[in-house]
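Nothing here was measured: the structure is a model prediction, and the numbers come from that model. Protein chains get the first letters and strands the later ones, always in sequence-line order, with residue 1 at the start of each.
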Amino acid sequence: MSVRPLRAGQLCPVQAARPALRRARNFAFSEPLMQRALDINRSRFADWYQAVVRDADMAETSPVRGAMVIKPWGYGVWEQIQQELDRRIKATGHENCYFPMFIPLSFIAKEAEHVEGFAKEMAIVTHHRLKMIDGKLQPDPEAKLEEPLVVRPTSETIIGDAFARWIKSHRDLPLLINQWANVVRWEMRPRLFLRTTEFLWQEGHTAHATEAEAVEETRKMLEVYRSFAEDVLAMPVVAGEKPENERFPGAVNTYSIEAMMQDGKALQAGTSHFLGTHFAEAQSIKFQNDAGGMDFCNTTSWGVSTRLIGGVIMTHGDDDGLRLPPAIAPRQIVVVPMLRDKPEDTEVLAYCESLVEALGKLSVFGQRVRVLLDLKKIKSAEKRWNWVRRGAPIIIEIGPRDAAGGNITYMRRDTLRDGDKVRSIAVGRQEFIEEKAVQLLAEIQHSLYSEAKARLDANIKSGVTDWAGVESYFSGSDEEFKGWLRISWSKPSGADLEKVDARLKTLKLTIRNAPSQQPDTFAPCLFTGKPGVEEILIARAY
RNA sequence: CGGAGCGUAGCGCAGCCUGGUAGCGCAUCUGCUUUGGGAGCAGAGGGUCGUGUGUUCGAAUCACACCGCUCCGACCA
């Protein structure tokens, strides 16, 4: 099965979901219709993405422009992400805190680059009271704040303020803090999960006595993100360092993990920043060293957000909707009883209940298996397709014959179809409970990763050494799948880097990162012809 | 915020050019039939056609403004 996205016009124009839907559409079908759970396929990737978010019941837009409502199934995925990542953050010695969402304007102003980077996307609170004036409810001019508050776009400054008070001596270091919070960045072009005005994230902030220790922390957390993305989200990534022009405002170095979406675009899925003493100097985060002198701390910050959910959708989704890796599926196994208003319904239900109870006692990925018996009063067939669209890893259907024969019939969401046909697999109840269930969940987790990993590996092209090669690789229609290029460069900076960036921009390309794994020797710089010092990934990006 | 396109029932769309006061499929509800699984038949509910102003005897349809969405550009986790 090809994992590459379908190209425009490659398949029938629309893969209608239900037979009757086909009649409603003004399309002439020359080929046998492929019935899918979505009414759109990945050839129109942006529309497909929105359809998955909607049909999988993940989220919807809200009355506030750019802000989204995360629905139970989408939030359930976030809760799984939080739970497992929180465990890993704590396992590396960090503690959770909570800081205010309001930051005094003067705090933000302290670090010059930091202000510049965020000034354009700030929400500002200026009043603390409303008043009816001329029949209109509006901010009371007499209740103006002496100092405006910005709604945090990130918390370096307010946490730095606390750090300055908390840290006195080298014995207070390292200070390792994390917080789960919402942040606001006034985005011009919102997209559900990928870029919203308000989003949920986790932000780690640490302070260290030495540069070496802070750099190590920065890399350690990048590695936590890499392994989390790959092991838990089944989303292969390339970890590496961002070029100078893509750094976090105020950082010395920024590292990222980059994931490849099914349209070939790169998604920055997590970042880790070494901040040097920039914020420490701006905010006086100092400590007395063991020789009695005063030193500035070296600080770091790192974060991942609800954007990860968008990454999961665009990594694993198919033409039937979402496919969730079992490790983050709010429900890993969903049992759909096939009821038909007949006496044997009672037996079917009892059989389902005992099955769900037995499955719920199993463990996988170090936790109890999450099972749901779907008793919603809608047609059984409708239930099945709802769970297909939502991406439940295993969907079990139980009819009277299963109940009587001690069997179960299941579908794997990752390999739902054989050609166009849905694959329903029958197996003995005991066998399923005792071996299959756990084994299948592990297998699905693994197979989703392998599929995505194969796509990533197959679509990072090396060996292009000149600009003409870049142009030809990224030529053609924008609808077409384009992967990434891995090229050698001389790592220019300042104005020279800007030139490179401008050139890349003509092809809508950006430098993603310089992968951590580098070869021993380098081809000459693709841009300047000078000796190469590093390999970087260039790609179109979200 | 600039360029383009689009906003008609929960979803997907037709109607708009050539104004006469709203239609299709899916979904929803009811009844009957059906039942190893995305069922059939009959009937029903649901829309002040994004918002406002204007033109007109009459506006989903024409004009203007605003709002929102999508794509492209600038910005970004």
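Among the atoms of the strands shown, none is found under 4.0 Å from any heavy atom of Thr197(A). Residue contacts for Gln268(A): at a heavy-atom cut-off of 4.0 Å it reaches the sugar-phosphate backbone alone, with no base atom in range. Note on Lys383(A): nothing from the nucleic acid sits closer than 4.0 angstrom, heavy atoms only. Nucleic acid contact for Tyr542(A): base, since at least one base atom lies under 4.0 Å from a heavy atom of the residue. In this structure, Thr409(A) reaches the bases: a heavy-atom distance under 4.0 Å links it to at least one base atom across the strands shown. Among the heavy atoms of the strands, none lies under 4.0 Å from Gly303(A).
Counting atom types as modelled, Arg185(A) pairs no side-chain N or O with a base atom of C76(B) as donor and acceptor under 3.5 Å.
For Asp57(A), the salt bridge (charged side-chain N to carboxylate O under 4.0 Å, His left out) partners are Lys71(A), Arg390(A), not counting sequence neighbours. Partners of Arg88(A) by salt bridge (charged side-chain N to carboxylate O under 4.0 Å, His left out), not counting sequence neighbours, listed by chain and number: Glu84(A). The salt bridge (charged side-chain N to carboxylate O under 4.0 Å, His left out) search around Arg226(A) returns Glu223(A), Glu230(A), not counting sequence neighbours. Taking the salt bridge (charged side-chain N to carboxylate O under 4.0 Å, His left out) definition, one finds that Arg152(A) meets it with nothing, sequence neighbours left out.
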Polar atom pairs between nucleotides 2-11 of chain B and protein, under 3.5 Å, N or O only, would you list them?
from: C11(B); atom 1: O3'; to: Arg54(A); atom 2: NH1; distance (Å): 3.4

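With C1' as the reference atom, G23(B) and G46(B) are 14 Å apart, rounded to whole Å. Taking atom P in both G52(B) and U70(B), the straight-line distance is 23 Å, to the nearest Å. Taking atom P on both nucleotides, C49(B) is separated from C62(B) by 15 Å, rounded to a whole Å.
The side chain of Thr271(A) sits closest to A77(B) out of G38(B), C71(B), A77(B). When distances are taken from the side chain of Phe199(A) to each of G37(B), C71(B), A77(B), the shortest belongs to A77(B).
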Donor-acceptor pairs under 3.5 angstrom involving side-chain atoms of residues 109-116 of chain A: please list them, not counting sequence neighbours.
from: Glu111(A); atom 1: OE1; to: Glu113(A); atom 2: N; distance (Å): 3.1
from: Glu111(A); atom 1: OE1; to: His114(A); atom 2: N; distance (Å): 3.0
from: His114(A); atom 1: ND1; to: Pro249(A); atom 2: O; distance (Å): 3.2

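Counted by atom type alone, Glu397(A) and Thr409(A) present zero donor-acceptor pairs between their side chains at under 3.5 Å.
Using a 4.5 Å heavy-atom cutoff, the side chains of Arg417(A) and Arg423(A) are not in contact.
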